[in-house]
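Worksheet: the structure to be examined is printed underneath.
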Amino acid sequence: MTMAYSREIIGVILGGGRGTNMEPLTPYLDKPLIKLLGKPLIYYPTDNLVRLGLKSIYVISRNPAKIGNELGRYFNNISIENVGQKGDDIDSALRMINEIVGKGTTIVSFSDVILPREAYELALNSHVNSGKPITILMTPLSDLQGYFEVEINDTVSINKIVEHKSGYAWTGILITEKEFLISLQEFNGNINEALKQFKGNINTALWSGWFVDVSYPWDLLSAIKYLMIDLKETRISKDADISPRAVVEGSVIIDEGARIDHGAIIRGPAYIGKNTYVGNNAIIRNNTSLEEESVIGADAEITESLIGYRATVGRGSFIGSSIIGDESTVEPGVVTLNVLPSGVEVSHLSPVIVKGKQIAKLGAIVGPKARIGANTVIYPGSIIEHNKYVSPLSILK
């Protein structure tokens with residue numbers, strides 16, 4: 001259902017930046033085009049703007065042709081204009097907004113921040129009711145390391161901080177009137193300098209639901225988990241081929257052309273992408289996304305992981321809390337260990353409670369087109385570069 005607002009509202013998605021923190025996943029692919037649950041990252045903020053009822057959306061990115069082609073597959077009836085970004089930093093993109101939008105209210109959203117639609121609705125309703133020229137949507141976090149902090153003292157500022165402390169993180173959503181966009185341009189995209197000009201006239205809206213800022217590869221695993229929260233039932237394409245001896249439990253999406261072989265178990269929530277293959281007696285556990293044309297060998301087990309486009313996991317392997325990059329091959333018998341040693345801290349990685357004990361889980365991050373030799377053991381948190389060849393029987397620490 002789309003929302004209806006009496007004023008003109010334009011959407012702007014910032015899809016630029018090199019995504020250097022996302023290496024080794026991004027040597028061939030811009031971060032906004034990494035796929036989760038069969039759709040590129042940039043699909044999710046765009047879909048939220050469309051569902052708000054916006055008819056005009058701009059995307060500022062380093063690669064407007066590629067992003068335009070990809071979004072065009074999903075949003076045929078919406079005017080989406082793709083604009084090339086001048087410069088690589090966020091200030092460059094923010095400076096450009098005033099050049100491309102006319103009058104009216106503008107929702108500015110980041111392509112790599114995933115929120116539910118309700119967060120956008122809350123921000124927009126808060127902005128309309130406040131009557132102020134700018135609204136910042138923020139969320140409380142117990143540890144702000146690696147996030148932009150919204151600091152509210154005499155004024156409002158957005159700071160990148162590194163130390164551990166609790167506070168409010170910026171969710172990556174701004175809602176602004178034209179006068180603030182003019183100020184942003186005048187200050188070359190420096191958001192804090194622009195905010196200073198509106199002292200006492202800034203609205204802050206508080207979102208207490210889920211929120212994922214995809215800054216690091218393992219943030220993709222959190223995004224998969226949250227995107228599956230709303231998955232309440234199993235949806236199986238009529239073109240999928242599922243053995244009568246396979247078991248599908250919980251909420252699962254099985255896309256067209258997927259083949260689930262004898263004895264395989266799919267335990268949701270999980271996404272089984274187009275033309276994927278899950279072999280005999282393989283187990284796909286919760287919060288796993290198998291992207292298009294991936295192959296899971298017989299007796300393999302996958303849990304809480306992202307298996308990329310055309311990636312292969314060989315017979316009898318165990319992949320947990322891991323990302324296997326596009327077109328990579330994991331040969332048979334590979335094991336990923338996924339419980340980090342006590343005391344190891346990783347930005348954005350929240351611990352979980354297992355049998356009353358707090359642990360942090362992170363397996364392997366494997367870049368695209370890598371090959372992991374048979375019977376290799378990969379220690380928690382290992383990063384394997386793209387195109388890397390790992391000999392069989394290796395131990396990676």
Side-chain angles (χ1 to χ4, degrees), residues 15 17-42 62-63 66-67 70 88 111-112 146 212-224 273 276 288-297 300 302-314 317-338 340 344 346-349 361-397:
R18 293 190 178 278
T20 51
N21 286 340
M22 292 297 289
E23 294 175 354
L25 300 179
T26 51
Y28 311 112
L29 194 66
D30 290 345
K31 183 166 68 168
L33 297 179
I34 294 175
K35 288 194 173 180
L36 298 175
L37 282 64
K39 295 184 175 66
L41 209 53
I42 198 170
R62 295 170 53 238
N63 203 333
K66 277 189 177 178
I67 287 181
E70 190 66 29
D88 288 329
S111 66
D112 56 359
V212 181
D213 174 359
V214 181
S215 294
Y216 304 97
W218 41 92
D219 292 325
L220 296 169
L221 303 178
S222 296
I224 290 171
T276 54
T288 290
S289 181
L290 306 183
E291 297 304 318
E292 187 172 353
E293 297 187 33
S294 58
V295 174
I296 309 302
I302 317 291
T303 182
E304 298 180 322
S305 294
L306 170 62
I307 309 300
Y309 168 73
R310 286 189 172 177
T312 296
V313 176
S317 293
F318 171 76
I319 306 296
S321 309
S322 298
I323 298 173
I324 307 300
D326 293 348
E327 301 184 66
S328 282
T329 298
V330 175
E331 294 183 350
V334 171
V335 174
T336 59
L337 307 178
N338 62 346
L340 289 166
V344 173
V346 178
S347 287
H348 288 201
L349 189 64
K361 297 175 73 174
L362 179 61
I365 308 298
V366 179
K369 302 182 181 180
R371 190 175 193 93
I372 313 299
N375 298 314
T376 289
V377 176
I378 306 177
Y379 272 54
S382 296
I383 294 178
I384 299 167
E385 298 298 323
H386 67 279
N387 282 323
K388 177 82 172 180
Y389 173 69
V390 177
S391 300
L393 299 171
S394 296
I395 298 177
L396 300 182
K397 295 185 177 180

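For reference, positions follow the sequence shown, starting with 1.
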Mind listing the closest non-hydrogen atom pair of [X] and [Y] along with its distance?
X: Ser317; Y: Pro332; result: OG-C, 3.8 Å
X: Leu362; Y: Leu221; result: CD1-CD1, 4.5 Å
X: Pro32; Y: Gly15; result: CG-O, 3.4 Å
X: Gly367; Y: Leu25; result: CA-CD2, 4.4 Å

List the steps and the verdict of side chain to side chain contact (heavy atoms under 4.5 Å, CB included) for Asp219 and Asp213.
CA-CA 7 Å; Asp219 292 325; Asp213 174 359; 5.7 Å; no

Looking only at atom types and distance, does a side-chain atom of [X] sit under 3.5 Å from a main-chain N or O of [Y], one as donor and one as acceptor?
X: Thr276; Y: Ser294; answer: no
X: Glu291; Y: Gly38; answer: yes
X: Lys31; Y: Val214; answer: yes
X: Trp218; Y: Ser347; answer: yes
X: Ser305; Y: Thr303; answer: yes

Could you work out, with side chain to side chain contact (heavy atoms under 4.5 Å, CB included) as the rule, every residue matching Thr376, not counting sequence neighbours?
Val334, Ile372, Ile378, Val390, Ser394, Leu396

Rounded to the nearest 0.5 Å, what separation is found between the [atom1] atom of [X] and the [atom2] atom of [Y]?
X: Ile365; Y: Glu23; atom1: CD1; atom2: CD; value: 13.5 Å
X: Glu304; Y: Thr288; atom1: CD; atom2: OG1; value: 7.0 Å
X: Leu337; Y: Tyr379; atom1: CG; atom2: OH; value: 6.5 Å
X: Leu290; Y: Ile296; atom1: CG; atom2: CD1; value: 5.0 Å
X: Ile323; Y: Leu220; atom1: CD1; atom2: CG; value: 4.5 Å
X: Leu306; Y: Ile34; atom1: CG; atom2: CD1; value: 8.5 Å

I need the full list of side-chain hydrogen bond (donor to acceptor under 3.5 Å, both in side chains) pairs touching residues 319-335, with sequence neighbours left out, sorted by first then second residue.
Ser321-Asn338, Glu331-Arg371

Verify side chain to side chain contact (heavy atoms under 4.5 Å, CB included) between Asp30 and Lys66, making sure each step is shown before the conclusion.
CA-CA 9 Å; Asp30 290 345; Lys66 277 189 177 178; 5.5 Å; no

State, yes or no, whether a side-chain contact exists between Ser289 and Leu37 at a heavy-atom distance under 4.5 Å.
yes

According to ring pair (Phe, Tyr, Trp, His ring centres under 6.0 Å), who are the partners of His386, at least two apart in sequence or on a separate chain?
Tyr28

Paired with Pro24, the side-chain contact (heavy atoms from CB on, under 4.5 Å) test is passed by just one of Val366, Ile384, Ile383, namely Ile383

Pair Ile67-Leu33, side chain to side chain contact (heavy atoms under 4.5 Å, CB included): steps then yes or no
CA-CA 7 Å; Ile67 287 181; Leu33 297 179; 4.0 Å; yes

